[in-house]
Amino acid sequence: SNNNNNKSDPDKGKLIRTRYQLFRKIIVTLLSWELVATQQRHDKRQTESWWDVESVPPAFDFTKPHMWYPGAREMKREIVLHVGPPNSGKTYDALQDLIKAKSGLYLAPLRLLAWENQQNLMDAGIPTSLITGQEKELLPGASHYSSTIELADTSAEYDVCVIDECQMIADDSRGFAWTRALLGVQAKRIHVIQDGTVSDLVHKICELTGDKIETVQHERLSPLSVEESPLHSVANVQQGDCVVAFSRKQLYMIKQLIEEHTNLKCALVYGGLPPETRKTQADLFNDPNSEYKVLVASDAIGMGLNFAIKRIVFSTVSKFDGKRKRQLYPTEIRQIGGRAGRYSTAFEAAGKVTAISNDDLEFIRAGMHPSVSLPTAKKAQIGIELDVLENLLHSVRRNYIANNMNSESSSALALDETEMEIMSQGGFLLQEEENLPVMIDMLRKFAATHSLFQLSSFREFLEIASFIHYIPLPLHVKYNFCLVPVQSSDRMHPTMKYLHKFATMLSSDKQPKLKRHMSFPPVSSSADLVGLEGMHAVLDMYIWLGEKFGYDVFPSTEDAKIWRKECASAISVSLQKISQQALTTSQKGKGKKSYKKPKERRVNTFDSYNSDKHSDKYNDNYNDKQRMKHHNRYNSKSRSNKYNNSMQHSNSHRSDYSAFREEEMRRQLLGMPPQERYTRDNKRYNTKHWFVEHGSKNDTTRHHDKKTMKNFLNSSLHRDTHWTDEGFDERISGGGNRIVLERKKKKKTKKKTEKKE
C-alpha cells in the first residue's frame with residue numbers, strides 16, 4: 001500500500017526516501033563513534049593499564065620487574081652486547097672470556113647447545129657442571145655451569161655469564177626466561193648474544209636497571225652468496241648440501257628421493273627427533289670419512305648444533321608455525337641460510353644459498369638482501385612465578401570474603417569498578433582453589449606492566465592447565481606440571497596422555513611407575529618411527545618430572561634414563577635401516593612408482609542393479625526421495641551397512657587425495673611437470689571449478705544452467721555415476737558402474753481441467 005501511495009504521490013515518496021537515507025547516515029555515524037570510542041578504551045587499557053600508578057594492588061603490580069631481583073640491583077654489572085649475523089664469532093668471543101673467568105655460567109636456548117658448550121669448556125680444561133631439565137651432572141669442585149635458559153641460577157654470584165640467542169627475549173612463549181636471566185643473573189660481566197633485532201630494547205632495559213652497557217659489532221667471517229639459478233630437482237644435490245623442509249612427511253620424502261636418485265646417504269635432523277639422535281646425525285654428517293654426505297633438516301639447524309654445510313637448499317619458503325601456514329620471515333631466512341660456509345670447516349671459502357624452484361629462489365634472494373631491514377622488538381616478555389600466583393590467590397580470597405560480609409562491618413572495603421570486576425571472579429578462586437586458567441586470565445587482563453615489558457601469552461601453560469584442571473592437586477604441583485616441555489597443542493600425543501595419567505595417580509596418592517621391562521626394536525619405515533619418537537618423549541617427560549619432584553615421587557626415573565638411551569639408539573638404527581632400504585631400492589632400479597589415478601570402485605548395490613535394460617525405467621526424472629526408495633528396495637543389506645559403504649567411499653577419496661598430494665610433492669621436488677588436477681567427487685564440489693571444467697554459463701557449445709548444476713550436486717548418484725544430459729555429455733565424476741542417463745524433454749502437460757473436458 002505504501003508503494004502504491006508513493007507512486008501516486010511522488011513528493012511524499014521522495015520525502016520518505018530522504019528521511020530513510022538521513023536515518024541511515026545517523027546510525028552509521030553513531031556506530032562509527034562507538035567503534036572509535038571502544039578502540040580508544042582498548043588502547044588506553046593496553047598502554048595505561050586498568051589502574052592508576054599509585055593505586056595498583058600488589059598482586060597485579062608488574063610495573064617494576066627489575067626490582068624482583070635485589071641481589072642483581074646491588075651489583076654493578078657490565079653488559080657486553082654482541083651484535084652480528086650467524087657465523088660471525090659472537091659466541092666464540094664470549095666463551096673465550098668465560099674460559100678465562102674464575103667462575104662462570106653459560107645459558108643456552110637448547111639442551112644440545114648446553115651439552116656442546118659444556119664439552120667445549122671441558123676440552124679447555126675447565127670443570128663444568130651440566131644443568132638441564134632432564135640432567136643434573138654436578139662435578140665436585142666445578143666453578144662453571146652450562147645450563148638451559150629456563151634453569152638460570154639467579155641466587156649465586158659469578159664473574160662472567162653468557163646469554164645465548166637473546167633475540168628470543170621477545171618470543172611470546174619462551175621470552176620470559178631470557179628476561180629473567182637478563183634482569184636477575186648476579187654476574188659482574190654479562191655477554192648478551194643476539195642478531196640485532198633487540199639491541200634498542202636491551203639498551204633501554206640497561207638504562208632502567210642502571211647497568212653499564214657496551215656494544216660489540218661482528219661481521220661474518222666467511223662470504224655468503226645466493227646462487228643465480230635454482231636447483232630444479234633434489235636429484236641435483238651435491239656433497240655438503242643441506243636441504244631444508246618444514247614438515248616431517250616432506251623431510252622423509254626428500255631423504256628417500258635423494259638416496260634413490262643420487263646414491264648419497266642423508267643425515268636427518270628435525271625437532272621431533274631425540275637430542276641424542278640429532279647429535280649422532282650431526283656427527284655423521286660432519287665426519288669427512290662418513291658415508292653421510294647430505295643433510296636433510298628442518299629449521300632446527302638455525303639454532304643449535306654446528307654443521308659443516310657447503311650450500312643451503314630451501315625446498316619451500318612456507319611453514320606452519322602452530323597457528324597458520326605462512327611464508328618465512330627475513331630473520332628466519334638469514335638464520336637458516338647463514339649456516340652455510342661455516343668458518344673453520346672444509347667449506348669456509350664460500351657459503352651458498354639456493355632453492356629448488358625459481359620463485360622460491362627469488363623470495364630467498366629478496367629476504368637476504370642487505371637493504372631489507374629486520375624488525376626490531378619493542379617489549380620483553382615477563383612470566384609469572386609461583387609466589388605471584390599464591391599472593392594473588394590470597395589477596396583475592398581475602399578481599400572477596402571481606403566484601404561479602406555485612407556492609408556495615410568495618411572490614412568491608414571500598415572497591416572501584418575494576419576491583420568489583422575482579423571480585424566477581426573471586427568466587428571461582430574461593431570454590432576451586434587451584435583454578436589456574438582463571439588466575440592467569442585475571443593477571444593478563446588486569447595486570448599493570450611497564451612500557452618495556454608485557455606478560456607472555458602462556459599458551460602452552462594454559463593448554464596444560466586446562467587439560468589437568470579438574471584433577472584435584474595442590475597449586476604448586478599443578479604449576480610445575482604446566483611447565484613440562486611437551487606438545488601441549490596435541491592432546492592425543494602420548495606425552496599429554498601420560499601427563500594426565502601421572503597427574504591422576506598423584507591425586508590418588510599413588511606413585512607413577514613405568515613398566516618393569518621395556519624393549520625398543522628398530523623399525524624400517526618412517527610411519528613406524530613415530531611410535532619410537534613418542535615413547536622417547538614420554539620417557540623424557542618422566543625424567544623431567546622425576547628431577548622436579550624427586551625420585552621418591554617418580555621411582556622409575558633411573559630406569560627411564562636407561563630406557564631413554566636404548567630408545568634413542570633404536571631410533572638411530574631405524575634411520576640407518578631406512579637409508580639402506582632406499583639405497584637398495586635405487587640400486588635395483590625400481591624406485592618409487594608414479595602416481596596412477598585409482599580404478600573406479602563399485603560402491604553400492606544400486607549401481608550393480610541398474611543395467612542397461614533398467615536404466616530407461618529407473619533413471620527418469622526422479623527426485624532424491626524416489627531414488628532413495630528405489631535404492632532401499634533393491635539393497636540387500638541393512639541401513640547401517642549402507643552408511644558404512646558411504647563412509648568407505650569417502651575414506652577412499654580421502655586416501656586417493658592424500659596419494660595425489662604425495663605425488664604432487666614428489667613431482668615438485670624432482671622438478672617434474674604437475675599432474676592433472678584432482679577433484680573430490682562429493683557434495684561440497686566447488687561451483688567455480690565445476691564451471692571451469694565443464695564450461696561456463698555463457699558458453700553456447702556446453703551450456704549448463706544453475707538448475708542443472710544444482711541437481712547434479714544435490715543428487716544421490718553424482719558420486720558414483722557418469723551423466724549424459726542435453727548439452728552436458730562429458731564425464732563429471734567417477735566410481736561405480738557407468739550409467740547413462742538420458743533425460744527426456746518435458747512435454748507441456750495440459751491442465752487438469754482440460755483433461756476432464
Side-chain angles (χ1 to χ4, degrees), residues 62 64-83 90-91 93-111 113-114 117-118 121 126 128-133 136 138 142-171 174-194 198-199 201-216 377 380-388 450 452-453 456 483:
F62 290 82
K64 300 178 181 179
H66 58 287
M67 300 307 297
W68 297 347
Y69 311 98
R73 299 290 76 78
E74 294 176 358
M75 297 181 62
K76 294 182 179 180
R77 304 188 308 174
E78 179 184 355
I79 308 297
V80 181
L81 185 62
H82 297 267
V83 182
K90 305 186 299 295
T91 306
D93 292 348
L95 287 177
Q96 293 304 310
D97 191 21
L98 183 62
I99 292 173
K100 298 176 183 178
K102 295 182 179 180
S103 62
L105 175 65
Y106 172 77
L107 301 177
L110 301 172
R111 290 166 59 194
L113 276 177
N117 286 290
Q118 183 212 19
L121 293 173
I126 306 297
T128 306
S129 298
L130 177 67
I131 301 177
T132 67
K136 285 185 174 59
L138 302 179
S143 58
H144 287 65
Y145 295 86
S146 181
S147 169
T148 49
I149 190 71
E150 283 82 4
L151 299 179
D153 183 14
T154 58
S155 59
E157 294 186 5
Y158 302 94
D159 289 338
V160 176
C161 173
V162 177
I163 303 177
D164 206 352
E165 304 292 349
C166 196
Q167 67 270 9
M168 293 287 292
I169 197 173
D171 184 70
R174 296 184 61 199
F176 66 90
W178 276 265
T179 304
R180 175 176 173 270
L182 182 60
L183 295 178
V185 169
Q186 301 184 38
K188 298 178 182 178
R189 185 163 54 256
I190 299 177
H191 293 270
V192 178
I193 303 170
Q194 51 97 23
V198 295
S199 298
L201 180 60
V202 173
H203 274 272
K204 293 178 181 178
I205 291 176
C206 290
E207 292 178 3
L208 183 65
T209 57
D211 297 325
K212 181 182 177 182
I213 185 170
E214 175 189 357
T215 302
V216 179
Q381 304 291 322
I382 53 178
I384 299 176
E385 301 291 341
L386 178 60
D387 55 351
V388 175
H450 193 275
L452 295 178
F453 305 95
S456 298
L483 298 177

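Residue indices begin at 1 and follow the sequence shown. Given the structure is predicted, the values throughout are model-derived calculations rather than measurements.
Between K188 and E157 there is no salt bridge, since none of the side-chain N atoms of the basic residue sits less than 4.0 Å from a carboxylate O of the acidic one.
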>> Using side chain to side chain contact (heavy atoms under 4.5 Å, CB included), reason through K212 and K76 one step at a time and then give a plain yes or no.
In response: CA-CA 8 Å; K212 181 182 177 182; K76 294 182 179 180; over 6 Å; no
> What do the steps show when you test L81 against Q194 for side chain to side chain contact (heavy atoms under 4.5 Å, CB included), and what is the final call?
Replying inline: CA-CA 8 Å; L81 185 62; Q194 51 97 23; 3.7 Å; yes
> After noting the C-alpha distance and the side-chain angles of H450 and L208, does the key distance pass the side chain to side chain contact (heavy atoms under 4.5 Å, CB included) rule?
Replying inline: CA-CA 11 Å; H450 193 275; L208 183 65; 4.0 Å; yes
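Using a distance-only test at 3.5 Å, with no hydrogens or angles considered, no donor-acceptor pair links the side chain of W178 to the main chain of P109. Not one N or O on the side chain of H66 forms a donor-acceptor pair closer than 3.5 Å with the backbone of I205. With hydrogens and angles ignored, the 3.5 Å screen pairs no side-chain donor or acceptor of T148 with any backbone N or O of T132.
Put simply, the side chain of T128 does not reach to within 4.5 Å of the side chain of Y106, judged on heavy atoms. Proximity of K204 to T209: side-chain heavy atoms (C-beta onward) are nowhere separated by under 4.5 Å. Side-chain contact between T154 and W68: absent, with no pair of heavy atoms (C-beta onward) separated by less than 4.5 Å. The shortest distance between side-chain heavy atoms of L107 and V185 falls below 4.5 Å. Considering only heavy atoms from C-beta on, S199 stays 4.5 Å or farther from T215 through its side chain. At a threshold of 4.5 Å between non-hydrogen side-chain atoms, the residues L483 and E150 do not count as touching. Contact of the D153 side chain with the Y158 side chain is registered, since non-hydrogen atoms from C-beta on lie closer than 4.5 Å. Considering only heavy atoms from C-beta on, R180 comes within 4.5 Å of Y69 through its side chain.
The local environment of CE in M75 is crowded, with over 12 non-hydrogen atoms from other residues, nucleotides or ligands closer than 6.0 Å.
Pairing each heavy atom of A72 with each of G184, the nearest pair is CB-O, 3.8 Å. The two residues V198 and C166 come nearest to each other via the heavy atoms CG2-O, 4.0 Å. Of all heavy-atom pairs spanning A377 and L201, the tightest one is O-CB, 3.9 Å. Nearest heavy atoms, S146 versus A114: OG-O, 2.8 Å. Residues L138 and S129 share a closest heavy-atom pair of CA-OG, 3.6 Å. Counting all heavy atoms, side chain and backbone alike, I190 lies closest to R77 at CD1-NH1, 3.4 Å.
For T91, the side chain to side chain contact (heavy atoms under 4.5 Å, CB included) criterion is met by L95, D164, I193, not counting sequence neighbours. K64 meets the salt bridge (charged side-chain N to carboxylate O under 4.0 Å, His left out) test with no other residue; sequence neighbours excluded.
Rounded to the nearest 0.5 Å, atoms CG (L98) and OG (S103) are 9.0 Å apart. Note that CZ of R174 and OG1 of T179 are 12.5 Å apart. Values are rounded to the nearest 0.5 Å. In this structure, OH in Y145 is found 13.0 Å from CG in L121, a value given to the nearest 0.5 Å. Considering CG of L130 and CD of Q118, their distance stands at 4.5 Å, rounded to 0.5 Å. Note that CD1 of I384 and OG of S456 are 8.0 Å apart. Values are rounded to the nearest 0.5 Å. Atoms CD1 and CD, from I169 and Q167 in turn, are 10.5 Å apart once rounded to the nearest 0.5 Å.
Pairs engaging residues 94-104 under the salt bridge (charged side-chain N to carboxylate O under 4.0 Å, His left out) rule: D97-R189 [sequence neighbours left out].
No option in H191, K90, E214 other than H191 meets the side-chain hydrogen bond (donor to acceptor under 3.5 Å, both in side chains) test with H82.
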